[in-house]
Amino acid sequence: MRLISGIFKGFEVKAPHAGTRPTTDRAKEGIFSHLASENMLDGVAVLDLFAGTGALGFEALSRGAHSVVLVDNAPQAYALLSDAVRRIRKLKAWDSSRMQVNVERVSAEKFVTRLEAPAEPSDQWDLVFLDPPYAFSDEAFNQLMADLDKSGKLSRVCEIVAERSSRTAIPTPPQGWSIEQSKKYGETTIYYIVRTESL
């Protein structure tokens, strides 16, 4: 797979042989069209949980995000993500003065529960990609969103882009959040979850 737009257009992201369900190109194009229309890409800080190939996080970086944290606990996914980070940092378009990308090998649940409230608003995330395996339970999914909200690490304008099987229940956002929009792509439904209450 390759990035579809931005300064790193054409950059290859490699998928593990098993255990990863990459976002389809159609869904990815829909996601980034939506985010661009809301000006949710330029200069944002991104958290990509269950990163897998890293396609969503790297695409956001290519389109203007200034920092991306990629989280995945699978050994092969972590190795491929780390390799992708090394390769993208060697490209001419890479700008170390304004770009940052890090990979964390830990489960999404542990990563989120270990978060501490930031000292500065600039240390918060503006965009979160939440794309767990389809087998991830509805209860665990809703709890993960609640824990993210409690962490204090999500900015005032933060948007959560959640990807779920179309056969699972509609997510239940934490108090103060709501599903702004949803879009179905075959077996996948994308939910755009935003704050309804100010911080």
*Return the minimal non-hydrogen interatomic distance between R98 and G64, and the atom names on each side.*
NH1-O, 4.5 Å

Main-chain N/O of [Y] paired with [X] side-chain donor or acceptor, under 3.5 Å:
X    : Y    : result
D149 : M145 : no
S62  : S5   : yes
T196 : G176 : yes
K153 : L148 : no
S166 : E187 : yes
D126 : A45  : yes
D147 : T113 : no
R156 : R195 : no
E59  : I4   : yes
D72  : G52  : yes

*asked:* Please evaluate residues E38 and E180 with respect to the criterion side-chain contact (heavy atoms from CB on, under 4.5 Å), reporting the C-alpha separation (whole Å), side-chain torsions for both, the decisive distance (0.1 Å), and the verdict.
replied: CA-CA 12 Å; E38 295 192 336; E180 177 188 50; 3.0 Å; yes

*asked:* I'd like to know whether V71 forms a side-chain contact (heavy atoms from CB on, under 4.5 Å) with L47, so could you lay out the CA-CA distance, the side-chain angles of the two residues, the decisive distance to 0.1 Å, and finally the verdict.
replied: CA-CA 8 Å; V71 179; L47 173 63; 4.0 Å; yes

If we only count heavy atoms from C-beta on, is the [X] to [Y] side-chain gap below 4.5 Å?
X    : Y    : result
Y78  : L70  : no
V128 : E159 : no
Y191 : I170 : yes
V161 : M40  : no
P171 : W177 : no
H34  : I190 : no

Starting from [Y], can I reach [X] by hopping between I/L/V/M/F/W/Y residues whose side chains sit under 4.5 Å apart?
X    : Y   : answer
F129 : L3  : yes
L56  : V44 : yes
W125 : L41 : no

_A quick test of your reading: do over 12 heavy atoms of other residues, nucleotides or ligands sit less than 6.0 Å from CG of L91?_
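Yes, CG of L91 has more than 12 neighbouring heavy atoms, counting only those of other groups under 6.0 Å.
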
*Is it the case that more than 12 heavy atoms not belonging to Q181 sit under 6.0 Å from its CD atom?*
yes

Could you tell me the separation between the [atom1] atom of [X] and the [atom2] atom of [Y], rounded to the nearest 0.5 Å?
X    : Y    : atom1 : atom2 : answer
T172 : N142 : OG1   : CG    : 4.5 Å
N73  : F111 : CG    : CZ    : 12.5 Å
E109 : F136 : CD    : CZ    : 4.0 Å
H66  : D42  : NE2   : CG    : 10.0 Å

*Could you give me the CA-CA distance, side-chain angles and deciding distance for K184 and T189, then say whether side-chain contact (heavy atoms from CB on, under 4.5 Å) is met?*
CA-CA 4 Å; K184 186 177 178 180; T189 300; 3.9 Å; yes

*Can F11 and R87 be said to form a side-chain contact (heavy atoms from CB on, under 4.5 Å), step by step?*
CA-CA 9 Å; F11 178 77; R87 288 187 292 112; 3.4 Å; yes

